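Some notes on the structure that comes next.
Because the structure is a prediction, the values reported are computed rather than measured. Atoms within each ligand, like the ligands themselves, are counted from 1 in listed order. Position 1 is the first residue of the sequence, and the numbers go up from there. Below, all heavy atoms of this structure are taken into account, side chains as well, without hydrogens, waters or symmetry copies.
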Amino acid sequence: MKILVVGSGGREHALAWRLSKEAEVIVAPGNPGIGEDCETVAVSAKDQDGLVDLCRSRHIDLVVVGPEDPLIEGLGNRLRAEGFAVYGPDQAGAELEGSKAFSKQLMVEAGVPTAAFQAFSDPVAATDYARVKYDTGRSVVVKASGNALGKGVVVADNFEAAKDAIHRMMVDREFGSAGETIVIEDRLVGPEFSLLTIVGDENYVSLPVAQDHKRAFDGDLGPNTGGMGAFSPVASISDSLIRQVESEMVEPTIRALKARGISYRGTLFTGVLVDGGKPYCLEFNVRMGDPETQALMMRIESGYAQALFASATGTVVPEITVSPLAALTVVVAGKDYPLQSSKGIPIQVDQVPIGSKLFHAGTALVDGNLVTNGGRVFAASAIGKTLEEAKALAYAAAASVHFSGARVRSDIGEKSA
Ligand code: GLY
């Protein structure tokens with residue numbers, strides 16, 4: 001099988017690395033690290049014509065779309081119309097991530113447990129709503145409805161913080177048009193986890209759960225990021241809780257999409273928070289998690305390419321063989337992430353330990369030299385007999401990377417119990 005992976009980040013490096021153990025893999029456009037593991041071709045994820053030409057000229061059997069943006073922009077529709085098998089939903093399905101207002105509405109229609117919310121396109125009405133919440137003893141989370149790369153979510157500790165977030169999103173347009181509409185939802189408190197499900201026409205298969213660390217700094221402090229690290233398995237999440245999430249969130253959502261005439265082939269990422277022992281859906285995404293994927297791919301042993309192909313072609317998705325070992329990923333970010341990305345800073349990389357893998361997330365080659373090219377620069381991942389062993393290896397791999405301003409959270413995996 002010949003697979004084209006579309007994208008250029010750490011998630012795509014992990015996907016391509018794993019898939020290349022089972023199939024021939026080409027990545028467009030990729031990054032320097034991906035280029036060490038697979039063939040890369042300089043076609044942008046935004047260049048639909050270029051990707052169609054690439055699929056034709058290279059006789060691609062399966063396209064795996066990594067990031068959400070191309071899916072929201074209709075890359076799935078285009079490639080399917082040209083006759084290619086695509087892992088990733090069409091534009092209509094991608095609205096689950098492209099519009100939080102749509103996603104929350106679908107959750108309500110489907111009976112998926114989620115926090116109480118309202119959507120707003122008027123900042124004054126939004127601020128009034130938030131004020132009433134704080135006056136009645138609640139606190140809220142303010143979310144840009146559009147796609148803001150995981151950063152358009154503010155957990156507001158008080159009314160002033162909520163008001164400020166509303167202003168930044170709706171008036172200052174910090175996230176561009178993604179903040180035209182916002183969703184304000186009641187804040188829930190408890191452990192979170194990510195369930196990534198391969199959805200096909202006939203069935204679905206979930207990967208093991210992973211837990212992400214969304215805040216920028218140790219102790220879950222600072223602004224939300226795309227994710228500073230992840231691990232899998234998550235000891236505190238029982239199998240019965242996972243089954244509950246599948247039956248209360250994944251299945252009703254697939255049914256609700258089908259009822260709207262949307263055939264969904266790709267990853268359904270369910271972000272779950274457990275409040276008072278009850279799971280609530282925080283969000284749906286339409287692609288693999290980043291950096292959850294960089295941990296999960298370390299645990300997959302076989303059957304992944306076939307499972308994605310089955311989803312993309314509407315046949316029964318087979319089970320995947322997953323290692324019982326633990327995996328952990330530490331993101332090495334630039335100094336000012338998530339406020340600013342890091343560009344053009346020279347990088348040195350030493351040998352990483354056996355059992356670890358350094359996924360490139362935001363790197364580039366300039367005149368043959370490796371430099372930073374993004375907020376999250378590397379995702380150092382490892383597998384071990386225990387989470388502690390994986391953690392020690394992943395941190396050792398992270399320490400093999402040197403660039404000015406390199407920063408990690410030091411507490412990845414500590415919420416595992
Ligand atoms: N790590 C969270 C996300 O991928 O959205």
Side-chain angles (χ1 to χ4, degrees), residues 5-15 45 64-72 88-89 94-100 103-104 114 141 143-155 175 178 183 191-198 206-217 220 222-232 234 237 245 249 266-273 281-298 327-333 337-338 359 361-362 374-381 394 408-409 411-413 415-416:
V5 174
V6 175
S8 59
R11 167 186 47 215
E12 288 75 36
H13 190 177
L15 287 170
V64 176
V65 183
E68 63 277 16
D69 279 359
L71 296 168
I72 293 166
E95 274 300 275
L96 270 184
E97 182 158 2
S99 164
K100 289 204 166 40
S103 185
K104 290 288 282 192
T114 189
V141 180
K143 297 180 170 179
S145 178
N147 179 28
L149 303 174
K151 294 179 217 151
V153 174
V154 174
V155 180
F175 305 109
V183 166
E192 294 179 28
F193 65 92
S194 309
L195 183 69
L196 277 58
T197 304
I198 300 169
S206 294
L207 299 180
V209 294
Q211 194 170 89
D212 182 14
H213 295 60
K214 291 205 174 76
R215 299 293 193 104
F217 306 121
D220 287 336
N224 257 28
T225 69
M228 293 297 291
F231 60 94
S232 173
V234 185
I237 306 302
V245 167
M249 300 180 194
T267 303
L268 182 66
F269 169 136
T270 311
V272 183
L273 184 148
C281 183
L282 285 181
E283 62 176 355
F284 285 124
N285 294 316
V286 299
R287 36 79 195 169
M288 296 286 285
D290 186 344
E292 289 93 328
T293 304
Q294 292 89 312
L296 288 168
M297 291 301 118
M298 302 297 291
L328 186 137
T329 294
V330 179
V331 167
V332 185
Y337 179 73
F359 295 117
R376 292 185 292 178
V377 183
F378 291 96
S381 299
V408 296
R409 263 185 69 160
D411 59 352
I412 305 301
K415 292 185 297 182
S416 58

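Across G226 and D212, no two heavy atoms sit closer than the pair O-OD2, 3.8 Å.
Residue G226 has at least one nitrogen or oxygen atom sitting less than 3.5 Å from a nitrogen or oxygen atom of ligand 1, judged on distance alone. Not a single N or O atom of K214, backbone or side chain, sits closer than 3.5 Å to an N or O atom of ligand 1.
Note that CD of E68 and CE of M288 are 13.0 Å apart. Values are rounded to the nearest 0.5 Å.
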Could you check L15 against M297 for side chain to side chain contact (heavy atoms under 4.5 Å, CB included), going step by step and ending with a plain yes or no? CA-CA 7 Å; L15 287 170; M297 291 301 118; 4.2 Å; yes

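Of all atoms in ligand 1, listed by their number and element, those nearer than 4.0 Å to a heavy atom of D212 are 1 (N), 2 (C). Near E292, with a cut-off below 4.0 Å to any heavy atom, the atoms of ligand 1 are 1 (N), 2 (C), 4 (O). Those atoms of ligand 1 with a heavy atom of N285 less than 4.0 angstrom away are 5 (O).
Between L71 and P89, some side-chain heavy-atom pair lies under the 4.5 Å cut-off. Side-chain contact check for K143 versus K104: every heavy-atom pair is 4.5 Å or farther apart.
At a 4.0 Å cut-off, at least one heavy atom of G289 sits close enough to ligand 1 to count as contact. At least one heavy atom of R287 sits under 4.0 Å from some atom of ligand 1.
Between the side chain of T114 and the main chain of C281, a donor-acceptor pair closer than 3.5 Å is present.
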